[in-house]
Enquirer: 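I am attaching a structure below and will ask some questions about it afterwards.
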Amino acid sequence: MIRITHLTKYYRAVPALQDFNMKISKGVIFGLLGPNGAGKTTLISILNGLTPFQKGDVEIFGMSLQKNLRQIRKRCTLVPQSLALYENLTVMENLHFFAGIQKITGSTLQNNLEHAISVNRLQRVLAQKAGTLSGGQKRRLNIAIGLLNTPEILYFDEPTIGIDPESRNEILETIHSLKKENQTVIYTSHYMEEIEKICDEAAIINHGEVIRQGDLKTMLHETDDSTQTLNLESLFIQLTRDNQEGADA
Ligand code: ATP
């Protein structure tokens with residue numbers, strides 16, 4: 001569904017992604033795990049056509065991203081990190097407003113609304129003003145808005161930054177429940193435990209390069225003393241520590 005080959009991105013002289021290769025299949029909840037500055041946001045921005053790149057190829061739905069950006073974007077949603085909703089409108093009014101912008105009408109609107117509401121467990125708060133919702137409910141409304149156009153790929157860029165543990169768990173549960181629907185999700189985080197909770201596959205990235213990628217369960221257990229292969233958790237702890245020491249030096 002997504003194939004990235006030899007992707008290279010520089011911000012002036014700063015390398016953000018270097019000879020970056022990755023494959024993501026349909027229906028997978030894919031975690032992009034990396035310490036600060038690893039290149040996660042840059043990658044998500046490129047995949048959403050928000051940031052240009054210098055070298056390499058990105059194919060989504062079998063189409064070149066550079067040549068078919070508009071068609072690809074119609075089939076994907078990036079759920080914004082900050083809340084994009086109207087506090088003075090009710091939950092239902094917000095959903096209708098954002099559906100209207102996207103010209104979703106008739107029976108499609110009905111079906112998509114029902115789906116977005118039930119996945120995000122918003123049935124009981126539909127008549128409530130968005131400004132009166134709890135933090136977790138607001139985040140779920142944000143996701144519901146993102147689901148209105150039934151995207152084939154849903155991107156989340158560190159959606160739990162700066163929120164309380166309860167809201168964080170609510171978001172993780174909601175995203176995890178999308179697995180049953182065969183939804184493809186790309187989820188970035190620098191928390192190992194989040195990736196463990198919701199993802200099927202993952203990649204660790206650091207300094208713009210893929211360090212390891214594959215099936216999450218396999219990577220969590222693979223340890224080989226003879227080749228000094230660390231399991232995913234130990235590898236991530238080591239990378240984070242090395243980066244911290246580099247920053248402190
Ligand atoms: P974080 O978890 O801290 O958000 P990240 O993994 O999302 O980090 P990016 O934001 O993609 O990482 O940054 C990758 C590298 O590119 C970093 O070295 C960063 O300083 C640099 N970078 C990102 N955006 C810009 C920009 N607009 N101009 C210059 N350099 C940038």
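The first residue of the sequence shown is numbered 1, and numbering continues consecutively from there.
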Enquirer: Cluster partners of Tyr11, using ILVMFWY side-chain heavy atoms under 4.5 angstrom, listed by chain and number?
Expert: Val14
Enquirer: Is a side-chain donor-acceptor pair under 3.5 Å present for Ser107 with Gln110?
Expert: no
Enquirer: With side chain to side chain contact (heavy atoms under 4.5 Å, CB included) as the test, would you mind laying out the steps for Phe156 and Thr188 before giving the verdict?
Expert: CA-CA 6 Å; Phe156 292 90; Thr188 82; over 6 Å; no
Enquirer: State the CD1-CG distance between Ile143 and Asn120, to the nearest 0.5 angstrom.
Expert: 5.5 Å
Enquirer: Determine whether Val119 and Leu178 make a side-chain contact, defined as any pair of heavy atoms from C-beta on separated by less than 4.5 Å.
Expert: yes
Enquirer: Give the cluster check for Ile237 versus Met192: same hydrophobic cluster or not, with ILVMFWY residues linked at side-chain heavy-atom distances below 4.5 Å.
Expert: no
Enquirer: With rounding to the nearest 0.5 Å, note down the distance linking CG in Leu89 to CE in Met92.
Expert: 13.0 Å
Enquirer: List the steps, then state whether salt bridge (charged side-chain N to carboxylate O under 4.0 Å, His left out) holds for Lys179 with Asp200.
Expert: CA-CA 9 Å; Lys179 176 77 200 145; Asp200 313 303; 3.2 Å; yes
Enquirer: Determine all donor-acceptor pairs shorter than 3.5 Å in which one atom belongs to a side chain in residues 46-57; sequence neighbours excluded.
Expert:
| unit_1 | atom_1 | unit_2 | atom_2 | d |
| --- | --- | --- | --- | --- |
| Asn48 | ND2 | Ile44 | O | 2.9 |
| Gln54 | OE1 | Tyr10 | N | 2.7 |
| Gln54 | NE2 | Tyr10 | O | 3.1 |

Enquirer: Cut-off 3.5 Å, side chains only: do His115 and Glu181 have a donor facing an acceptor?
Expert: yes
Enquirer: Side chains of Val79 and Asn142: does their closest heavy-atom pair fall under 4.5 Å?
Expert: yes
Enquirer: Any carboxylate oxygen within less than 4.0 angstrom of a Lys/Arg side-chain nitrogen, looking at Arg168 and Glu193?
Expert: yes
Enquirer: Who pairs with Phe97 by ring pair (Phe, Tyr, Trp, His ring centres under 6.0 Å), at least two apart in sequence or on another chain?
Expert: Tyr86
Enquirer: By the salt bridge (charged side-chain N to carboxylate O under 4.0 Å, His left out) test, which pairs, at least two apart or in different chains, include something from residues 78-106?
Expert: Glu87-Lys138
Enquirer: Run the salt bridge (Lys or Arg N to Asp or Glu O under 4.0 Å) test against Arg140 and tell me which residues pass, sequence neighbours left out.
Expert: Glu170
Enquirer: Taking all heavy atoms of Pro159 and all of Ile171, pick out the closest pair and write down the distance.
Expert: O-CD1, 3.9 Å
Enquirer: Is it the case that one hydrophobic cluster holds both Leu69 and Met1, taking links as side-chain heavy atoms less than 4.5 Å apart, direct or via other members?
Expert: yes
Enquirer: Using side chain to side chain contact (heavy atoms under 4.5 Å, CB included), reason through Thr90 and Asn94 one step at a time and then give a plain yes or no.
Expert: CA-CA 6 Å; Thr90 66; Asn94 265 289; over 6 Å; no
Enquirer: Under the salt bridge (Lys or Arg N to Asp or Glu O under 4.0 Å) test, which residues partner Asp215, sequence neighbours left out?
Expert: none
Enquirer: Do Ile198 and Ile186 sit in one hydrophobic cluster, given that two such residues count as connected whenever their side-chain heavy atoms are within less than 4.5 Å of each other, even indirectly?
Expert: no
Enquirer: Pairs under 3.5 angstrom only: tabulate donor-acceptor contacts from the side chains of residues 19-35 to other protein residues two or more places apart or in another chain.
Expert:
| unit_1 | atom_1 | unit_2 | atom_2 | d |
| --- | --- | --- | --- | --- |
| Asp19 | OD1 | His6 | ND1 | 2.6 |
| Asn21 | OD1 | His6 | N | 2.7 |
| Asn21 | ND2 | Asp19 | O | 3.2 |

Enquirer: Between CZ of Arg139 and OG of Ser134, what distance do you get to the nearest 0.5 Å?
Expert: 11.0 Å
Enquirer: Would you check if Ser45 and Tyr155 make a side-chain contact, meaning some heavy-atom pair closer than 4.5 Å?
Expert: no
Enquirer: Give the table of side-chain donor-acceptor pairs shorter than 3.5 Å for residues 146-153, with sequence neighbours excluded, one pair per line with atom names and distance.
Expert:
| unit_1 | atom_1 | unit_2 | atom_2 | d |
| --- | --- | --- | --- | --- |
| Asn149 | OD1 | Thr77 | OG1 | 3.0 |
| Asn149 | ND2 | Thr77 | OG1 | 3.4 |
| Glu152 | OE1 | Arg75 | NH2 | 3.0 |
| Glu152 | OE2 | Arg75 | NE | 2.8 |

Enquirer: NZ of Lys67 to CD of Glu59: how many Å apart, nearest 0.5 Å?
Expert: 9.5 Å
Enquirer: For a side chain to side chain contact (heavy atoms under 4.5 Å, CB included) check, start with the C-alpha distance between Leu220 and Glu196, then their side-chain angles and the critical distance, and finish with the verdict.
Expert: CA-CA 9 Å; Leu220 282 171; Glu196 278 185 45; 3.9 Å; yes
Enquirer: Measure the spacing between CD of Glu194 and CG of Asn169 and express it to the nearest 0.5 Å.
Expert: 9.0 Å
Enquirer: Taking side chain to side chain donor-acceptor pair (under 3.5 Å) as the definition, give me every residue that meets it alongside Asp164, ordered by chain and number, with sequence neighbours left out.
Expert: Ser167
Enquirer: What is the minimum heavy-atom distance between Ile72 and Ser64, and which atoms define it?
Expert: CD1-O, 3.9 Å
Enquirer: With sequence neighbours left out, write down each residue that passes side chain to side chain donor-acceptor pair (under 3.5 Å) with Glu158, or none if nothing qualifies.
Expert: His190
Enquirer: Determine, stepwise, if the pair Ile204 / Val210 fulfils side chain to side chain contact (heavy atoms under 4.5 Å, CB included).
Expert: CA-CA 6 Å; Ile204 289 199; Val210 179; over 6 Å; no
Enquirer: Can you list the residues that meet the side chain to side chain donor-acceptor pair (under 3.5 Å) rule with Asp242, with sequence neighbours excluded?
Expert: none
Enquirer: Rounded to the nearest 0.5 Å, what separation is found between the CG atom of Leu7 and the NZ atom of Lys9?
Expert: 9.5 Å
Enquirer: Heavy atoms only: give me the nearest Ile175-Val185 pair and the separation to one decimal.
Expert: CG2-CG1, 4.0 Å
Enquirer: Heavy atoms only: give me the nearest Gly39-Leu17 pair and the separation to one decimal.
Expert: O-CD2, 3.8 Å
Enquirer: Linking I/L/V/M/F/W/Y whenever any side-chain heavy atoms sit under 4.5 Å apart, do Phe61 and Leu65 land together?
Expert: yes
Enquirer: With sequence neighbours excluded, tell me which residues meet side chain to side chain donor-acceptor pair (under 3.5 Å) with Ser177.
Expert: none
Enquirer: Count I, L, V, M, F, W, Y as connected when their side-chain heavy atoms are under 4.5 Å apart, and connections chain through other members. Are Ile163 and Leu83 then in the same cluster?
Expert: no
